[in-house]
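I have placed the structure first, in the form of structure tokens, so that the comments after it can refer back to it.
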Amino acid sequence: MRIRALVVLLAVCLAAASAGCRPDRSSLTPTLRSNDGVTATAAIPTASTEPEVAATPSPKPPPDDAPTPSSTPPSDAISFERALAPGFRDDLDQLPDATRYRLDLDLDMERATVSGDQEISYTNTESVELESIYLRLFPNTSGYGGEMSIVSVEVDGRPIAPERALQGSALRVPLRTPLQPGRHVKLDVRFELALPTSNHPASSQEPSDGYRQLGLYDGVAALANAFPIIPVYDDEGWNLAVAPSYGDAVFTDVAFFDVSLTAPTTMTLVGSGTCAPVSENAASTTWSCAAAPMRDFTAVTGGSYRTRSRAIGDVTVNSVFYAGHEEGGQAALDFASRALDLFSKRIGAYPFAELDVVETPTLAGGIEYPGLVVINESYYDSGQGVSDRMEWVVVHEVLHQWWYGLVGNDQVDEPWLDEALVQYCTALYYEDVYGEEALDIVVETSFQQAYAELQETGRDQPVGLPVAAYSRRNYAPVVYQKGPLYFHDLRQEVGAKAFWHILEAYFERNRYRIARPQDWLAAVETVTGSPYRSLYDEWILGERD
């Protein structure tokens, strides 16, 4: 095989949104031939021999709206078990203090608005009392371009006046009585969200720096971060930094999401977790979604969607795509299924009942959300069939289910811990599918050459900096392209078998948690007997002997 002559990987995601790459910034992509002779853009069989089926989520039990005393967390309003594969339903019992969100969302396509009623059940899991709770309003940032207004806020049934912060992208909710460790509080929030559209930003903020992760474009409503959400509280206090629009913005703990979403009957809805229609009339359909334990909830609705599904063990993979894009929809299903199968075996099992891969008009190559990833529509039909770029992007986003979704990290201050690791693991996928030479070529053409250019142009920076420390021009080359070289050097030192064991250990120790760099180093040391600190200091911290 003349693999080297065929490869200049898209792999590289040269302009990253949330783990994606802008199509107009990518170069040529691999037309690698796998060891079984199947090309990357062909329909690739997975390990599963089960038939492809349409997903049939279970109906939602009736909610329990009884008030809850503030001293104890509430009982679940719905059965979140349907969101998890059978072998993982006991995971719900391991998170008794996780935040609970009940959301009632009403999407008005004509007005491009979402009306929301929200109940948040929050337990103070910290060792200090909290005098206030913060909510993030991500639509009010320039990267989203929407406008979220708060109608009312109640704390344990009593109205309270919140305080706007961070140019309206955060809301401080003062508590009349400090919330002691282990105690519970209930917030009720009513809000209105104006979605950005193709011609009109919803606010005075200019959304051109964003990636259409939120908005109504070409008949598709993308509802990323379309509700107030509680950020992480840690040893630094509340994490409230406004991330640049070219990096990931959301840093949250895993939570339980009970969502009711009403949309026009003509629309198809896809959401995090498991969703099913529960009522319908001539004008609208109400869907019930259960998502837990997940770090966020997102939904996409469109009027021309088709679905192909495949069972990989106990997980249903759904490829959701525009009518007429059947070839691209099949390719996305194949790539996602193979990635899910490989990494469930090599890193740790994917615990959720579904994984959705959805075609949208996003300007990113792809964006990851818990249980759902969106892929740029241009990859499904590039004018000459399915884009060669699709495979890398789909696999990259699916890998984020492990690094970001299940093992969380501070994507604003420590983006390398998911993005650089996801990039390198995507290269390992190519090695598994196309052979050892494919990995060598990815490392050389996509990672090493980009690093050399950084050095030659005087733009080199350490990998382990916050997103805001990089310019838009430097963020992707440093984090997405230089960053994987740390993992590659580590793998060269410890060997391929030990490196996979490190990934397993890191995943198992930090599943559903927030991982820090020291957690990664601890996993390295557990497996090998050494943290290989000199490699970390060199690549991540930029410290050389």
Side-chain angles (χ1 to χ4, degrees), residues 18 55-61 63 73-86 88-105 107 114 116-122 136 138 213-214 222-230 250-263 268-278 286-301 314-318 320 340 350-358 367-374 397-398 400-402 404-408 511-512:
S18 300
T56 54
S58 304
K60 170 187 172 184
S75 59
D76 290 340
I78 63 172
S79 173
F80 286 102
E81 290 185 349
R82 65 188 174 107
L84 290 163
F88 294 91
R89 289 170 180 167
D90 288 344
D91 289 3
L92 299 173
D93 298 330
Q94 300 174 23
L95 300 161
D97 295 328
T99 302
R100 263 68 170 170
Y101 294 87
R102 290 186 190 173
L103 283 162
D104 188 353
L105 306 176
L107 171 64
V114 176
D117 284 290
Q118 178 181 42
E119 177 186 302
I120 306 173
S121 300
Y122 178 79
R136 293 305 310 271
F138 288 108
Q213 63 266 52
L214 174 77
L223 303 180
N225 314 123
F227 57 93
I229 193 167
I230 297 177
V250 180
F251 180 30
T252 54
D253 293 302
V254 294
F256 290 59
F257 297 90
D258 171 7
V259 181
S260 175
L261 197 156
T262 301
T268 296
L269 181 140
V270 191
S272 296
T274 300
C275 300
V278 291
T286 297
W287 298 71
S288 167
C289 300
M294 290 183 169
R295 299 188 188 278
D296 195 3
F297 174 86
T298 194
V300 178
T301 66
D314 291 326
V315 180
T316 299
V317 182
N318 299 309
V320 184
L340 180 75
Y350 178 83
F352 304 115
E354 296 183 23
L355 173 64
D356 301 318
V357 183
V358 187
I367 306 177
E368 77 278 5
Y369 304 99
L372 184 154
V373 303
V374 301
E397 305 307 342
V398 168
H400 270 299
Q401 299 304 311
W402 283 264
Y404 152 72
L406 291 165
V407 177
R511 190 169 63 111
Y512 301 138

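Everything numeric in this text was worked out from a predicted model, so none of it was measured. Residue indices begin at 1 and follow the sequence shown.
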Main-chain N/O of Leu406 paired to Gln401 side chain as donor or acceptor, under 3.5 Å:
no
Tell me the closest heavy-atom pair linking Cys289 and Ser272, and the distance in Å.
CB-O, 4.3 Å
Only one of Asp314, Leu92, Asp90 passes side-chain contact (heavy atoms from CB on, under 4.5 Å) with Leu84, and that residue is Leu92
Quick one: does Gln118's side chain have a donor or acceptor within less than 3.5 Å of a partner on Pro228's backbone?
yes
Got Glu354 and Asn318 here, is their nearest side-chain heavy-atom distance under 4.5 Å?
yes
Taking all heavy atoms of Met294 and all of Phe257, pick out the closest pair and write down the distance.
O-CE1, 3.2 Å
CZ of Arg511 to CZ of Phe88: how many Å apart, nearest 0.5 Å?
6.0 Å
Any donor-acceptor pair under 3.5 Å linking the side chain of Arg136 with the backbone of Ile229?
no
In this structure, OG of Ser260 is separated from CG of Leu103 (nearest 0.5 Å) by 9.5 Å
Kindly determine whether Trp402 and Tyr350 satisfy side-chain contact (heavy atoms from CB on, under 4.5 Å), including the steps that lead there.
CA-CA 8 Å; Trp402 283 264; Tyr350 178 83; 4.0 Å; yes
Ignoring hydrogens, what is the shortest heavy-atom contact between Ala224 and Thr298? Give both atom names and the distance.
CA-OG1, 3.3 Å
With no hydrogens and no angle check, is any side-chain donor or acceptor of Arg100 less than 3.5 Å from a backbone partner on Ser121?
no
Roughly how far apart are Phe297 CZ and Asp258 CG, rounded to 0.5 Å?
10.0 Å
With rounding to the nearest 0.5 Å, note down the distance linking CZ in Phe251 to OH in Tyr404.
11.5 Å
Quick one: does Ser288's side chain have a donor or acceptor within less than 3.5 Å of a partner on Ala276's backbone?
no
Taking the side chain from Thr99 and the backbone from Ala255, do they hold a donor-acceptor pair closer than 3.5 Å?
no
List the atom of Arg89, the atom of Glu81, and the distance in Å for their closest heavy-atom pair.
NE-O, 3.0 Å
Kindly indicate whether the side chain of Leu107, heavy atoms from C-beta on, has any atom under 4.5 Å from the side chain of Leu269.
no
Pro293 and Leu95: which non-hydrogen atoms are nearest, and at how many Å?
CB-CD1, 3.4 Å
Tightest non-hydrogen contact, residues Tyr101 and Ile230, listed as OH-N, 3.0 Å
Using the test side chain to side chain donor-acceptor pair (under 3.5 Å), find all partners of Asn225 that sit at least two apart in sequence or belong to another chain.
Tyr144, Asp296
Counting distance only, does the side-chain N/O of Thr274 pair as donor-acceptor with the main-chain N or O of Arg82 below 3.5 Å?
yes
Begin with the C-alpha distance, continue with both residues' side-chain angles, and end with the deciding distance and a verdict on side-chain contact (heavy atoms from CB on, under 4.5 Å) for Leu223 and Leu261.
CA-CA 11 Å; Leu223 303 180; Leu261 197 156; 3.8 Å; yes
Distance, nearest 0.5 Å, that separates CG of Asp91 from OH of Tyr512:
3.5 Å
Out of the candidates Leu340, Val398, Asp356, only one should pair with Val317 under the side-chain contact (heavy atoms from CB on, under 4.5 Å) rule; please name it.
Leu340
Can you see whether Thr286 engages Thr262 through a side-chain donor-acceptor pair at a distance of less than 3.5 angstrom?
yes
